[in-house]
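In what follows, a structure is listed as structure tokens, so that the remarks can point back to it.
Computed over heavy atoms, backbone and side chain alike; hydrogens, waters and symmetry mates excluded. Only a predicted model underlies this, so the values are computations on that prediction, with no experimental measurement involved.
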Amino acid sequence: MSSRLASPGVLTAGAATFSVLAWASAFVSIRSAGAAYSPGALALGRLLAASVVLIVLVAIRREGLPPRGAWRGILVSGVVWFGGYMVALNWGERLVDAGTAALLVNVGPILMALLAARLLGEALPPRLLAGMAVSFGGAVVVGLSQSSGSSGHEGGTSVLGVVLCLLAAMAYATGVVAQKPALTYGTPLQITAYGCLVGTAVCLPFAGQLATELPDAPTSATLNMLYLGVVPTALAFTTWTYALARMPASRLGATTYAVPAIVVLLSWAFLDEVPAWLTLLGGALCLTGVAVSRSRPRPSRESAPASAPAARAAESGPEPAPADAQ
């Protein structure tokens, strides 16, 4: 029993699950801390806290600097994902509620597949293109619901918030695609730690805002900022890269489809925020598009007369491969 729990497949699934839960909680913490901290200051404070934890972990494990081949992916993911994604998401969540932000950011897996096809040579099947179209339509519906003020979010919302969350989704997809090749050279901890340090350097221009806002911020907001740095960033990004090193990026990206549902529940429980029906409809379209893009065509009858068990296996799809066999 213990050997089964410690198998590579179970460890990879556990790492992905932890990342999904931690990132879902981040949407709620950002909404809470964002009331006291501006987007850039919150990103810098979060990254500083994460950098401290990651540097300690690197020192304990004595992993040192990553190999030269990993630095391109580290720099791209550090600038775009650790830096740009966090600032864009922090800003976007000042304009839309946490559940809506999570729904919009979850367009990222489709964008990730497109980038992987363009940059890594992965296949681009027609179902992926159809799913992308459906998800884009869902994003438009969410944008219309926000601009019409039907979300019920206090202070009104604007298309800008939707655009910022979509930019965050693009940054997330770009960061993952950049990280994947880097993991052939460095360890998950190295890629995460040095990417985080790069993102921290990118956000240093916000140091003045952080220094000004920190003394006046309530303790709860500062604790949320520290939580964002330690759990959703230092720990969850490390478990994510651990899983990314052991399975395809598109397959791992599919695990984040559960984030919006978790965020809606958390934001309802802790922030009393529930997106309006039109926003939920748009989000459902986003996720439907993702499901279409991940679906598999059924084999033709001519190619499946082999045996009843084989036919049933073909209809249900292939068995998931062990994580270390990807």
ask   = With side chains defined as the heavy atoms from C-beta onward, is the minimum distance between Pro66 and Trp71 less than 4.5 Å?
value = yes
key: Between CD1 on residue Ile55 and OH on residue Tyr194, distance to nearest 0.5 Å   = 8.0 Å
Main-chain N/O of Ser77 paired with Gln179 side-chain donor or acceptor, under 3.5 Å = no
task = State whether the number of non-hydrogen atoms from other residues, nucleotides or ligands found under 6.0 Å of Tyr185 atom OH is greater than 12.
result = no
task = Take Met86 and Leu47 through the side-chain contact (heavy atoms from CB on, under 4.5 Å) test and state the conclusion after the steps.
result = CA-CA 9 Å; Met86 293 189 185; Leu47 289 169; 3.7 Å; yes
ask   = How many angstroms lie between CD1 in Ile191 and CG in Leu244, if you round to the nearest 0.5 Å?
value = 10.0 Å
query = Under 3.5 Å, is there a donor-acceptor pair between the side chain of Arg94 and the main chain of Gly34?
reply = yes
inquiry  = Testing the basics here: between Ala169 and Val105, what is the closest heavy-atom pair and its distance to 0.1 Å?
reply    = CB-O, 3.5 Å
task = Looking only at non-hydrogen atoms, find the nearest pair between Pro218 and Ala36 and report the distance.
result = CD-CB, 3.7 Å
ask   = Between Val20 and Phe27, is there a shared hydrophobic cluster once you connect ILVMFWY residues whose side-chain heavy atoms come closer than 4.5 Å?
value = yes
remark   = Interatomic distance, CZ@Arg46 vs CD1@Ile30, rounded to 0.5 Å, equals 5.0 Å
ask   = Hey, mind stepping through Gln209 and Leu42 against side-chain contact (heavy atoms from CB on, under 4.5 Å) and telling me if it holds?
value = CA-CA 9 Å; Gln209 293 181 3; Leu42 179 57; over 6 Å; no
query = Is Leu204 reachable from Leu214 through a run of I, L, V, M, F, W or Y residues, each pair having side-chain heavy atoms under 4.5 Å apart?
reply = yes
query = Between atom CZ of Phe82 and atom OG1 of Thr233, what is the distance when rounded to the nearest 0.5 Å?
reply = 7.5 Å
key: Cluster link Val198 to Val56, ILVMFWY, side chain under 4.5 Å   = no
message = Rounded to the nearest 0.5 Å, what separates atom OH in Tyr242 from atom CG in Leu183?
response = 12.5 Å
Selection residues 198-222 - residue pairs positive for ring pair (Phe, Tyr, Trp, His ring centres under 6.0 Å), sequence neighbours left out = none
Transitive ILVMFWY side-chain link Leu65 to Ile74, under 4.5 Å = yes
ask   = Among Trp240, Tyr85, Phe18, which residue meets the ring pair (Phe, Tyr, Trp, His ring centres under 6.0 Å) test with Trp23?
value = Trp240
ask   = Given the rule in the side-chain contact (heavy atoms from CB on, under 4.5 Å) test, do Trp81 and Val176 qualify, once you have shown the distances and angles that lead to the verdict?
value = CA-CA 8 Å; Trp81 194 6; Val176 172; 3.7 Å; yes
Test item: side-chain donor near acceptor, Ser38 and Glu213, under 3.5 Å = yes
query = Are side-chain heavy atoms of Arg246 and Pro188 found at a separation under 4.5 Å?
reply = yes
ask   = Minimum heavy-atom separation for Ser19 to Thr239, with atom names?
value = OG-OG1, 2.7 Å
ask   = What pair of heavy atoms forms the shortest contact from Val76 to Ala178, and how long is it?
value = CG1-CB, 3.6 Å
key: Same apolar cluster (I L V M F W Y, side chains within < 4.5 Å links), Tyr37/Val230   = yes
note = Interatomic distance, OG@Ser29 vs CD@Glu93, rounded to 0.5 Å, equals 9.5 Å
ask   = Do Leu89 and Leu167 touch side chain to side chain, with heavy atoms closer than 4.5 Å?
value = no
task = Please answer whether the main-chain N or O of Phe237 pairs with a side-chain N or O of Thr241 as donor and acceptor at a distance below 3.5 Å.
result = yes
note = Looking only at heavy atoms, the pair that brings Ala243 and Ala15 closest together is CB-CB, 4.4 Å
inquiry  = side-chain contact (heavy atoms from CB on, under 4.5 Å) for Tyr172 and Val80? Distances and angles first, verdict last.
reply    = CA-CA 8 Å; Tyr172 153 57; Val80 176; over 6 Å; no
query = Where do Pro232 and Ser25 come nearest, in terms of heavy atoms and distance?
reply = CG-OG, 4.3 Å
